[in-house]
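The structure appears below as C-alpha cells.
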There are 2 protein chains.
Amino acid sequence: MLDTLDRRIVAALERDARVSFGDLAEEVGLSKTPCWKRVKALEDAGVIRGYSTRIDPAAIGFDIEAFIQVSIDFEVSDAFEAAVKKHPLIRRCYATTGEADYLLQIVTVDMRALDRMLRVELSRLPGVRRTVTSMAMREIKGDISFADAAAHALRG
Amino acid sequence: MLDTLDRRIVAALERDARVSFGDLAEEVGLSKTPCWKRVKALEDAGVIRGYSTRIDPAAIGFDIEAFIQVSIDFEVSDAFEAAVKKHPLIRRCYATTGEADYLLQIVTVDMRALDRMLRVELSRLPGVRRTVTSMAMREIKGDISFADAAAHALRG
DNA sequence: CCTGAAATTATCTTAAC
DNA sequence: GTTAAGATAATTTCAGG
C-alpha cells in the first residue's frame with residue numbers, strides 16, 4: 001500500500017493539486033526525480049484519479065443544498081441511474097442500504113428551484129416511488145485527506 | 001455571475017485542475033492572458049476555492065463507505081463539530097434538517113473497522129445520542145460540474 | 001530506490017500594444 | 001482583447017551512491 005512518502009505526497013496534492021514538483025519534493029523530503037516518479041506511479045495505480053478544482057457553490061449562487069433519500073422500482077434502476085448521472089443539479093449519488101435505495105445530494109439556487117427540482121424533475125425520473133428530503137443547513141467538513149485517513153487506519 | 005467563458009473555464013478546471021493555460025485558453029476560445037486573468041479573478045472572487053486531487057478510496061484500501069445520521073445534545077455542538085473536523089475517517093459532515101442533526105460520511109478499511117468506528121469512536125464524540133447507519137454500496141455519481149449546474153440553473 | 005546535475009521542452013507571468 | 005518575450009518550471013536522461 002502507500003508508504004510514508006506516498007502518503008505525504010498524496011496529502012500535499014490533496015491540499016494543492018497545482019504545487020510544482022520542486023516544492024512538492026521539498027515538502028515531502030525527496031528530490032524532484034523520485035518525487036515525480038512516485039506521482040506517476042500513483043496515477044498509474046489508480047490511486048490518483050485526477051486533479052480537480054474546488055468550487056464554492058454559494059459563490060456562484062447555489063444557496064440551497066439538500067439530501068434526498070430515494071426509493072425506486074428496481075426494474076428500472078439502470079434508467080434511474082443514467083438519469084441521475086445526466087442531471088446537472090444532482091451533485092452526488094450513492095446506492096445505499098436501509099429504508100431508501102439511493103441517497104442523492106443536490107444543489108439549487110433557491111427554495112423555489114428546490115421545490116421545482118423535487119416536484120417536477122426528481123419525481124419524474126425513471127422508477128421513483130418515494131423521496132425523503134433533508135436540507136443541508138451548513139457544511140461542517142468538506143473533504144478529508146485520504147492520506148490522513150490512511151495513516152489513521154494503519155495506526156488504529 | 002459567471003458568463004459563458006467563465007463557465008467553460010470552470011468546467012475545464014473541474015475536469016482537470018492541471019491543464020496548462022495554453023490548452024485551457026484554446027479549449028475555451030481565448031488567448032492565454034485573458035484566460036489567465038479570468039482564472040485569477042475567479043480565485044480572488046472565491047469561486048475557485050482551490051485545486052485538489054481525487055483519490056480512489058478503494059485503491060488505498062478503504063472498501064467501506066457509510067452514511068451516518070447523528071443526533072446530539074446541542075449544548076455541546078461546538079465540541080462535536082470540532083471532533084468531527086479532527087477525525088480522519090469522517091469524510092464529510094453536514095448539519096441537516098429532519099430527524100437527525102448531522103449527516104456524516106465515513107470511510108473504513110473493512111467491516112471490523114466500521115464496527116469499531118461506530119461502537120468505540122463515534123459514540124464517544126461529544127454529545128452523541130443516537131446514530132443511524134446506512135452503507136454506501138456503490139457510488140453512482142461522484143461530483144458534478146458546477147459549471148454545468150450553473151448553466152442549467154440559468155436555463156431553467 | 002535514492003541524489004544531483006544538465007539539457008530540452010513547455011509553461012507561466014508580465015509588459016507593451 | 002492580442003502578441004511577444006523573459007522568467008520559471010516540467011520532464012527526460014545520465015552518472016553515481
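These figures come from a predicted structure and were not determined experimentally. These numbers come from the heavy atoms of this one structure, side chains and all, not from hydrogens, waters or symmetry mates. So you know, we letter chains A, B, ... as the sequences are listed, proteins then strands, and number each from 1.
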Heavy-atom protein contacts under 4.0 Å, nucleotides 12-17 of chain C, coded B base, S sugar-phosphate only, - none: BBBB--
Qualifying residues under side chain to side chain donor-acceptor pair (under 3.5 Å), relative to A:Arg49, sequence neighbours excluded: none
N/O donor-acceptor pair under 3.5 Å between B:Arg8 side chain and B:Val28 backbone: yes
Carboxylate-amine/guanidinium proximity below 4.0 Å for A:Glu121 and A:Arg116: yes
d(CG, A:Asp6; C1', C:dC2) in whole Å: 14 Å
Value in whole Å for how far the C1' atom of D:dA10 lies from CG of A:Leu30: 17 Å
Cluster link B:Leu103 to B:Leu125, ILVMFWY, side chain under 4.5 Å: no
More than 12 heavy atoms from other groups under 6.0 Å of CD on A:Glu43: yes
B:Ser31 or A:Asp23, whichever maps to the more 5' nucleotide of DNA chain D: B:Ser31
Ion pair A:Arg138/B:Glu81, N-O distance below 4.0 Å: yes
Whole-Å distance separating the CG atom of B:Leu24 from the C1' atom of C:dT11: 13 Å
